[in-house]
Amino acid sequence: MREEIFLGGLGGQGVLLGGQMMARAGMDAGLNVSWFPIYSPEVRGGSTTCTIVITDGRVGSPICERPETMILMDPVAANTFAPQVAEGGLLVLNSSMIEQPPGHEDCETLWVPANDIAVEIGNERTVNMVMIGAWAGRTSALSIEGIAEALQHMLPERHHKHMPANIAALERGAEIGAESRQPGG
Amino acid sequence: MREEIFLGGLGGQGVLLGGQMMARAGMDAGLNVSWFPIYSPEVRGGSTTCTIVITDGRVGSPICERPETMILMDPVAANTFAPQVAEGGLLVLNSSMIEQPPGHEDCETLWVPANDIAVEIGNERTVNMVMIGAWAGRTSALSIEGIAEALQHMLPERHHKHMPANIAALERGAEIGAESRQPGG
Amino acid sequence: MTTDMKQVYAYPDALTEVEMRYCPGCTHGTAHRLVAEVIDELGIKDRTVTLATVGCSVYAYEYFDTDAVQCSHGRAPAVATGIKRVQPDTIVFAYQGDGDLASIGMAEIVHAAARGENFTVIFLNNAVYGMTQGQMAPTTLLGQKTTTSPRGRTAPEAGFPIRVCELLDTLDGPAFLAREALSTPPHVRNAKRAIKRAFETQVAGLGFSLVELLSTCPTWWGMTPLEAIKHVDEQMTKCYPIAVFRDRLAAQEGEQSAESAPGEGE
Amino acid sequence: MTTDMKQVYAYPDALTEVEMRYCPGCTHGTAHRLVAEVIDELGIKDRTVTLATVGCSVYAYEYFDTDAVQCSHGRAPAVATGIKRVQPDTIVFAYQGDGDLASIGMAEIVHAAARGENFTVIFLNNAVYGMTQGQMAPTTLLGQKTTTSPRGRTAPEAGFPIRVCELLDTLDGPAFLAREALSTPPHVRNAKRAIKRAFETQVAGLGFSLVELLSTCPTWWGMTPLEAIKHVDEQMTKCYPIAVFRDRLAAQEGEQSAESAPGEGE
Amino acid sequence: MGKVVIDQERCKGCMLCVEFCPKGILAPAKEVNSKGYHPIECNDEDECTGCATCALMCPSVCIEVYR
Amino acid sequence: MGKVVIDQERCKGCMLCVEFCPKGILAPAKEVNSKGYHPIECNDEDECTGCATCALMCPSVCIEVYR
Amino acid sequence: MSETQRTREFITGNEATARGAIAGGCRYFFGYPITPQNKIPEYMSAHLPEVGGVFLQAESEVAAINMVYGASAAGARVMTTSSSPGISLMQEGLSYMIGSELPCVLVNMVRGGPGLGNIGPAQSDYWLATRGCGHGDGQCITLTPNSVQELHDFTARAFEIADRYRNPTMVLADAILANMMEPCDVLPPTEMPPADRPYAVGPHGQERERNIVNSLWVDFDEMEEVNLRIQERYRQAAEEITDWEEYGSDEPEVLVCAYGISSRVCESAVDEAGKAGVQARLVRPKTVFPFPSEPIAKWAEQAKCAVVVEASMGQFVEDVRLAVEGRCPVELVGHAGGNIPAVSEVVARILEMTS
Amino acid sequence: MSETQRTREFITGNEATARGAIAGGCRYFFGYPITPQNKIPEYMSAHLPEVGGVFLQAESEVAAINMVYGASAAGARVMTTSSSPGISLMQEGLSYMIGSELPCVLVNMVRGGPGLGNIGPAQSDYWLATRGCGHGDGQCITLTPNSVQELHDFTARAFEIADRYRNPTMVLADAILANMMEPCDVLPPTEMPPADRPYAVGPHGQERERNIVNSLWVDFDEMEEVNLRIQERYRQAAEEITDWEEYGSDEPEVLVCAYGISSRVCESAVDEAGKAGVQARLVRPKTVFPFPSEPIAKWAEQAKCAVVVEASMGQFVEDVRLAVEGRCPVELVGHAGGNIPAVSEVVARILEMTS
Ligand SMILES: Cc1ncc(C[n+]2csc(CCOP(=O)(O)OP(=O)(O)O)c2C)c(N)n1
Ligand SMILES: Cc1ncc(C[n+]2csc(CCOP(=O)(O)OP(=O)(O)O)c2C)c(N)n1
Ligand code: SF4
Ligand code: SF4
Ligand code: SF4
Ligand code: SF4
Ligand code: SF4
Ligand code: SF4
Ligand SMILES: [Mg+2]
Ligand SMILES: [Mg+2]
């Protein structure tokens with residue numbers, strides 16, 4: 001098993017933490033993992049991306065030229081990075097912000113209204129959790145419980161009060177992901 | 001023809017200028033020459049040495065491991081450097097300051113009472129000229145006129161008034177050198 | 001819409017159209033604007049060379065519509081010296097942060113000032129290393145928390161803040177030295193006046209000029225932009241008093257006006 | 001011969017027997033002797049580390065009978081900082097020339113002083129680079145001829161002399177700052193007093209201390225030793241006034257004696 | 001009588017102009033611009049004196065003032 | 001009554017002690033030492049007060065004073 | 001170091017480096033901020049005081065290396081960390097440390113160059129590490145981790161190595177390794193090692209001769225002796241600590257050489273090439289000074305060609321060429337300015353070279 | 001340069017260097033005193049004003065190279081000179097010059113190292129010149145004169161080369177060449193060359209787009225492009241200016257390689273070896289970056305062995321090994337700390353290798 005996942009979004013959307021959480025969950029599940037970020041040079045704003053590898057073999061290169069999976073949270077990231085997804089790969093797109101389909105066809109696309117769900121849940125900062133939950137629901141590569149536990153480990157104590165919202169977001173995302181596995185999804 | 005000459009003495013004895021003058025005279029005579037100094041690290045005092053090469057071939061290495069000729073002007077230089085003279089080489093020694101013979105025998109020795117002669121001439125700073133004159137008289141490698149002319153070139157104008165004393169010193173040295181060529185010298 | 005109106009505040013000609021990358025409310029932008037306005041007012045854009053240094057303002061060469069040289073960290077005063085010795089009539093200004101000027105570049109600024117090199121330094125003091133994520137600067141206030149003084153700066157651990165204008169004021173070389181703050185409209189107006197004075201000093205060939213601008217770093221101070229300018233006003237000025245330390249142009253003008261004062265001595 | 005006499009001036013214990021390589025009449029030697037005497041008087045030889053710097057005094061590690069570290073040119077204050085941060089109770093003094101301290105080492109001395117690092121600097125100001133054959137130093141007087149200011153130092157070409165004590169006196173870190181001259185017996189006595197004060201300041205843990213000593217370089221000034229000390233007295237002190245700029249030990253003692261003054265308040 | 005023209009795309013919503021406008025007529029817009037900031041608008045154009053204090057304080061150089 | 005002991009080999013003949021001796025009893029020797037300097041001698045031992053001014057000024061640290 | 005007490009954590013390379021240092025006995029840190037290694041001083045400023053150590057932000061990299069010089073002369077285990085331009089500024093100080101035979105540990109998280117460059121990953125300070133160290137004949141012992149775990153372990157070990165050979169020892173990594181997170185079995189902080197530095201300065205009463213730390217030797221022969229001593233230590237180090245890892249086929253057509261982050265790319269490339277039918281073997285140095293010439297020479301004898309992969313324009317490749325000595329052609333896949341060679345590019349070159 | 005107007009003089013290497021610079025159009029000098037090259041700034045301070053130039057003593061070598069950076073950005077022909085520790089301090093600045101594609105001329109009169117070392121002659125900054133130039137992939141074009149005449153001529157020429165390749169160009173010599181006197185056919189001062197630097201900053205009215213001198217490229221590809229451009233210039237330089245001299249037998253048993261002062265020793269050694277019955281050929285690079293690999297490879301093919309002679313512990317020998325590529329064994333005669341290999345020692349090694 002080898003999952004190469006690329007996350008992209010705006011600064012503030014929780015791209016880096018989301019990726020770290022996924023990798024950490026992989027580690028806790030006994031797998032080999034790596035996570036690495038590319039910051040844009042600006043102190044704030046601009047797009048943020050990271051790449052994670054989760055595998056039961058050696059990680060080897062932590063850099064993925066054409067990731068199997070891309071989780072993209074805003075239109076700029078979608079435009080810039082979606083074309084790099086591997087052939088036959090998976091695009092998880094935030095339909096609350098991204099309007100246009102990515103415009104290439106040899107991959108699967110999973111649309112997730114992440115902002116809307118986050119608002120529903122009552123915590124706008126859970127967009128990343130919805131997206132990642134959707135990916136997990138779709139692929140079953142990691143369990144939602146494992147991801148949630150990883151998050152708990154990584155969040156400073158003072159933020160643990162947000163755990164319920166985050167778990168809710170992960171679960172709502174997972175449902176969408178799981179549904180999408182159905183032929184009609 | 002290749003002359004390798006090492007000069008050694010106290011700071012202030014004119015070792016460096018003397019050597020430069022010899023090399024310059026060689027250049028003016030159409031030969032290839034080099035001169036190079038080794039300063040001791042102290043700003044003043046300590047021994048001063050230089051090495052010159054005068055040749056009608058390529059100079060090649062300007063450094064001489066065992067110079068053919070050594071002109072040594074004080075006891076420290078004599079003790080330190082005399083043993084390095086080439087086998088069958090020539091030692092020109094300042095008998096006004098150096099008392100002990102250098103203590104090795106496969107070389108010729110020319111004793112020159114340079115300080116005494118300089119005092120006689122009335123200019124204590126011409127010790128170097130006496131010594132170099134003696135070498136020239138002994139070897140005929142360079143003419144006294146050529147050396148004097150070189151000196152004139154190298155001295156700043158304001159010191160030209162000392163030229164007569166310097167020439168006298170060169171000539172008195174040359175006499176001693178020439179005499180020494182005689183079997184009884 | 002503006003047909004019968006006069007434009008009283010326009011985008012300065014000496015700034016390019018490039019959007020500045022500074023964080024919201026960061027007064028680096030204010031400082032840039034003021035410098036650009038002065039360049040416009042003096043009509044020197046085509047003979048000005050901007051020295052960008054290493055810090056948040058590293059892209060100054062993209063913002064100022066002049067020739068520009070990007071300098072290594074702290075060494076802009078040496079670079080400026082090199083340029084001015086070759087081109088004495090070119091107007092050169094270095095835009096330096098407090099890490100750049102007061103930490104790694106201390107020797108270069110002191111010596112350029114001591115030599116009285118005829119260029120201008122805009123010294124932006126925000127009491128922190130903005131670019132590299134909020135480390136302590138030599139100008140960080142005692143007690144101030146930064147990413148490398150996590151318990152607050154203490155003198156025994158990390159020493160005392162350095163007052164650059166006061167330090168340079170012990171030298172004979174500088175012709176203009178002033179400290180202003182980018183905190184309130186009156187202060188900003190004074191800041192512009194000082195910047196103009198500094199450039200005029202250079203244009204007049206009187207020697208080294210420097211304007212220290214107390215500035216904000218909302219991001220690494222962990223404040224809103226409004227809190228940050230209040231902090232400048234209330235805290236920073238205590239350690240770094242606002243003052244014109246030296247103004248040789250004024251001295252010269254004083255002399256000239258004294259000389260040309262009618263009626264005197266005749 | 002000395003049976004019924006007391007020795008009133010002895011070769012200091014804190015100097016080795018090695019003969020110093022200084023030129024005749026060079027007051028580097030005087031400075032060394034004074035420092036050694038102070039070390040002896042304070043009884044700190046076995047816990048003192050001498051920092052030799054690059055200049056004519058580079059062999060200081062051969063002369064002082066203490067542990068020693070030879071430092072790269074200008075960086076002794078940083079080296080001293082490293083040592084003191086590891087061994088706060090070791091007495092560290094750096095012996096720096098004006099090229100070393102005021103030129104290449106300007107950033108390091110300013111920052112060590114600003115941090116109030118608890119070590120002592122003996123700053124020998126002879127207004128020239130002795131070791132490297134008489135080049136201009138930052139402290140070279142205007143008009144002074146050196147091998148790199150062959151027509152005499154002029155401000156437009158080479159800037160103005162830097163007054164180190166005045167410059168450091170703008171910082172909060174220093175606990176003791178003084179300038180003395182090695183020119184006449186009274187001055188030399190004062191110099192020793194200042195040196196002692198500086199070391200006492202360090203022993204008391206009060207922070208950075210520096211004594212600037214106006215010194216001669218007969219060789220590169222082209223003067224006899226006597227002309228040279230006269231030059232110190234008459235010319236150098238004009239540019240570099242003799243003064244104790246700061247003495248926190250005295251301030252502290254003042255407080256203490258005030259506190260312990262009998263009868264007061266009771 | 002004055003008028004301000006605010007470049008909505010350059011505005012970073014720092015509120016400095018809002019704070020210092022002597023007339024208190026500047027305020028952030030509801031919508032965000034492409035960078036996610038709420039840019040400043042003038043609420044009461046008639047009140048504007050064209051004093052340019054807002055422009056003086058704007059670090060993003062996005063205010064032009066007419067009078 | 002004092003006495004000075006001058007290390008003749010270390011003396012570099014700089015004349016600073018000579019200049020500042022209040023009694024004027026120090027002077028260079030005729031002979032040179034091994035480094036070519038004329039070292040200082042005390043000409044009038046009886047006059048020496050042991051004030052140590054000479055030692056205070058000597059850069060070569062070659063004077064010991066007794067009293 | 002207490003191997004048994006390791007705890008598995010998920011941390012960045014920078015944090016792993018900082019914690020490796022503390023595990024290696026480092027108690028003194030002097031450094032100047034520069035991206036991409038800022039999290040190291042940040043960690044040190046927060047945590048060194050907890051273990052009785054001292055963090056001090058220097059006024060510059062020049063000052064930092066000279067503070068390190070002082071602390072090392074005083075007998076401390078001391079470190080500085082920086083990135084490319086900062087390491088350039090330390091060259092004189094490094095030369096002094098070598099000349100004075102003082103140990104210290106440096107970390108260089110290399111970024112894109114030359115000049116100010118950018119904060120992307122690069123390997124273009126290879127020469128600066130292995131041939132640099134300023135003027136004179138000194139070199140840095142240079143360790144080249146390729147993972148967060150190795151950053152941690154190599155940094156801890158670097159203190160022992162520096163002490164053993166009385167020479168600056170550099171951990172050479174890059175912006176990716178600095179910022180990436182991986183699982184890391186973290187060592188606990190080590191107690192301060194006993195002072196075992198007889199050359200260190202400090203209070204000594206009458207117990208020993210005075211100590212002098214110095215790199216000035218006026219006499220040529222004395223200075224040469226210092227150099228011979230240094231070279232002798234390098235020879236010893238070559239025998240004792242040269243280290244590398246191999247990966248891939250035992251019967252390779254192609255020898256692949258890379259270190260650090262590029263070696264991770266090459267691991268994947270070796271796998272890919274295998275799938276495409278070309279057997280390759282990766283030799284990846286864990287130390288580049290001393291350099292593992294032997295395994296490279298050995299496999300070069302057997303392989304048709306060598307492909308060298310580095311995120312620079314041809315620095316590491318020279319050491320490989322010196323090891324290969326003409327046994328087979330040597331091809332470079334190099335990049336610069338923040339770009340890292342891609343797996344596909346390496347695979348393509350491997351296939352090309354064997355077709 | 002007006003070849004016809006040369007006058008023969010007997011001068012030191014330092015003076016020849018200074019006058020070569022002025023003949024090469026140098027009008028700006030920024031430097032900091034250090035032995036053994038002090039006579040260069042001294043000469044410049046006295047004579048640059050006479051030709052309308054500017055001499056400024058910088059506060060340090062760090063400042064000096066940055067003043068050079070500024071002057072070069074302003075379009076001037078500019079030089080700095082120093083010796084080993086000073087060159088170490090210039091590493092960051094040099095990297096900036098390379099990154100910003102600016103020309104300048106440097107002279108390094110190498111002294112014994114590492115650390116403060118001593119002021120004796122040495123060749124131990126070979127790596128600092130050819131591999132150094134700070135962080136990133138840049139290198140200095142490096143010329144290696146072996147006589148006072150060549151110091152003069154190479155320095156003059158260095159300004160053209162620096163301009164042609166927009167890269168720092170170093171004249172690498174040593175304390176002997178600096179201080180020795182030889183006859184030198186001296187070029188007259190050249191008039192200032194016309195400004196031919198379209199990239200230079202300065203007053204421009206509306207006549208051109210604004211110029212930016214910069215080494216910061218946030219985008220990895222842009223930064224890589226700069227690097228490729230630099231490497232391309234190096235390739236060009238390799239074609240156009242690689243230079244060397246050969247001496248000795250056409251049918252050598254032994255190839256001797258040395259540069260600078262050591263090559264003078266080797267000339268004599270080749271003669272001596274010939275007298276002792278062993279035919280040897282000296283290849284002495286006049287440029288070491290670019291390096292004359294071809295003649296070395298050619299003679300290595302034919303010779304039984306190569307003897308490499310350098311006043312360092314094994315730096316130059318690596319470039320020779322890279323050229324020889326295993327064609328014959330390569331032996332090093334190296335020294336350090338102010339000691340220069342002796343003719344007798346080289347001869348002995350030559351005889352030993354062939355016996
Ligand atoms: C030699 C060197 N050291 C360190 C850095 C990293 N660096 C970049 S910006 C900066 C500090 C900037 O702080 P400041 O000058 O105060 O500017 P600000 O960002 O606060 O405006 C540092 C240390 C560098 N680029 N070069
Ligand atoms: C990095 C470096 N630059 C230059 C030098 C050469 N150098 C040796 S001593 C010296 C100046 C010494 O002058 P100063 O500090 O005034 O001491 P003085 O000799 O006058 O006592 C210089 C520049 C050096 N050793 N290292
Ligand atoms: S980090 Fe601070 S100084 Fe830099 S742009 Fe942001 S607010 Fe301004
Ligand atoms: S050169 Fe000057 S400073 Fe140095 S020892 Fe001689 S007189 Fe003293
Ligand atoms: S111009 Fe004056 S009144 Fe008008 S919006 Fe700006 S600050 Fe307010
Ligand atoms: S000051 Fe400028 S950037 Fe800030 S809110 Fe007002 S218009 Fe926007
Ligand atoms: S001790 Fe006093 S009186 Fe005696 S010689 Fe010395 S200076 Fe003169
Ligand atoms: S002061 Fe000292 S060195 Fe000078 S002459 Fe007197 S005894 Fe000799
Ligand atoms: Mg700042
Ligand atoms: Mg001095």
Side-chain angles (χ1 to χ4, degrees), chain C residues 14-16 18 21 43-55 57-92 94 104-115 117 119 131, chain H residues 27-30 32 48 53-78 80 90-97 99-100 102 104 134-135 192 195 197 199-218:
Chain C
L15 287 183
T16 65
V18 175
R21 294 163 157 94
I44 52 175
K45 197 184 88 165
D46 292 339
R47 59 177 181 120
T48 293
V49 176
T50 300
L51 300 194
T53 63
V54 182
S57 60
V58 68
Y59 305 105
Y61 61 84
E62 290 188 357
Y63 306 147
F64 288 100
D65 190 22
T66 64
D67 278 8
V69 179
Q70 202 289 315
C71 307
S72 64
H73 192 32
R75 321 302 178 186
V79 177
T81 298
I83 298 173
K84 286 292 289 204
R85 294 291 175 134
V86 175
Q87 299 181 358
D89 294 334
T90 296
I91 302 302
V92 174
I104 192 169
M106 180 56 80
E108 286 73 18
I109 195 70
V110 166
H111 280 275
R115 286 193 304 266
E117 296 289 344
F119 65 89
M131 179 76 155
Chain H
R27 286 301 175 275
Y28 297 90
F29 182 97
F30 303 93
Y32 188 75
L48 264 183
V54 173
F55 165 88
L56 180 63
Q57 185 172 307
E59 58 269 32
S60 69
E61 291 87 353
V62 171
I65 190 67
N66 282 285
M67 290 173 182
V68 166
Y69 184 81
S72 180
R77 283 201 161 170
V78 56
T80 187
M90 294 183 188
Q91 294 297 302
E92 190 207 21
L94 276 175
S95 177
Y96 269 76
M97 296 213 68
S100 298
L102 290 179
C104 76
H135 55 287
M192 288 273 264
R197 297 183 170 180
Y199 55 82
V201 300
H204 54 280
Q206 310 299 343
E207 286 148 39
R208 58 160 168 81
E209 293 282 282
R210 66 200 189 93
N211 279 338
I212 299 173
V213 172
N214 178 38
S215 67
L216 165 62
W217 302 95
V218 171

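Every chain is numbered from 1 and lettered A, B, ... according to where its sequence line falls, protein lines coming before strand lines. Computed from a predicted model, the values in this text were never measured in an experiment.
Partners of C/Thr66 by side-chain hydrogen bond (donor to acceptor under 3.5 Å, both in side chains), not counting sequence neighbours, listed by chain and number: C/Thr50.
Contacts of C/Asp65 with chain H are made by both backbone and side-chain atoms, with heavy-atom separations under 4.5 Å. With a 4.5 angstrom heavy-atom cutoff, C/Val49 touches chain H only via side-chain atoms. When heavy atoms are compared at a cutoff of 4.5 Å, H/Ala63 approaches chain C by way of both its backbone and its side chain. The contact between H/Val54 and chain C is made entirely by side chain atoms (from C-beta outward), counting heavy-atom distances below 4.5 Å. With a threshold of 4.5 angstrom between heavy atoms, C/Val54 approaches chain H through side-chain atoms but not through N, CA, C or O. Looking at H/Ala64, there are no atoms closer than 4.5 Å to chain C (heavy atoms on both sides), in backbone or side chain. Only the side chain of H/Leu56 has a heavy atom closer than 4.5 Å to any heavy atom of chain C. With a 4.5 angstrom heavy-atom cutoff, H/Gln206 touches chain C via backbone and side-chain atoms both.
The NE2 atom of C/His73 sits 9.0 Å away from the CD atom of H/Glu92 when rounded to the nearest 0.5 Å. Atom CE of residue H/Met67 and atom CD of residue C/Glu117 lie 6.5 Å apart, to the nearest 0.5 angstrom. Rounding to the nearest 0.5 Å places CD of H/Glu59 at 10.0 Å from CD1 of C/Ile109. In this structure, CD1 in C/Ile83 is found 9.0 Å from OH in H/Tyr69, a value given to the nearest 0.5 Å. In this structure, H/Ile212 CD1 and C/Phe64 CZ are separated by 12.5 Å, a value rounded to the nearest 0.5 Å.
In terms of heavy-atom proximity, H/Gly202 sits nearest to C/Thr90 at CA-OG1, 4.2 Å.
Looking at C/Arg85, its side chain never comes within 3.5 Å of a backbone N or O of H/Gly70 through a donor-acceptor pair. Between the side chain of C/Asp67 and the backbone N or O of H/Asn211 there is at least one donor-acceptor pair closer than 3.5 Å. Listed for the C/Arg75 side chain is no donor-acceptor partner under 3.5 Å among the backbone atoms of H/Ile65.
Most heavy-atom pairs under 4.5 Å with chain H, from the set C/Arg47, C/Lys84, C/Gln87: that is C/Gln87. Considering only heavy-atom pairs separated by less than 4.5 Å from chain C, the leading option among H/Gly93, H/Ser95, H/Ala74 is H/Ala74. Top candidate by heavy-atom pairs under 4.5 Å with chain H, chosen from C/Ile44, C/Val79, C/Thr81, is C/Val79. Considering only heavy-atom pairs separated by less than 4.5 Å from chain C, the leading option among H/Gly205, H/Ser215, H/Ser100 is H/Gly205.
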* Evaluation steps, side-chain contact (heavy atoms from CB on, under 4.5 Å), between H/Val62 and C/Glu108 -> CA-CA 9 Å; H/Val62 171; C/Glu108 286 73 18; 3.8 Å; yes
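In this structure the side chain of H/Asn66 reaches within 4.5 angstrom of the side chain of C/Ser72, judged on heavy atoms.
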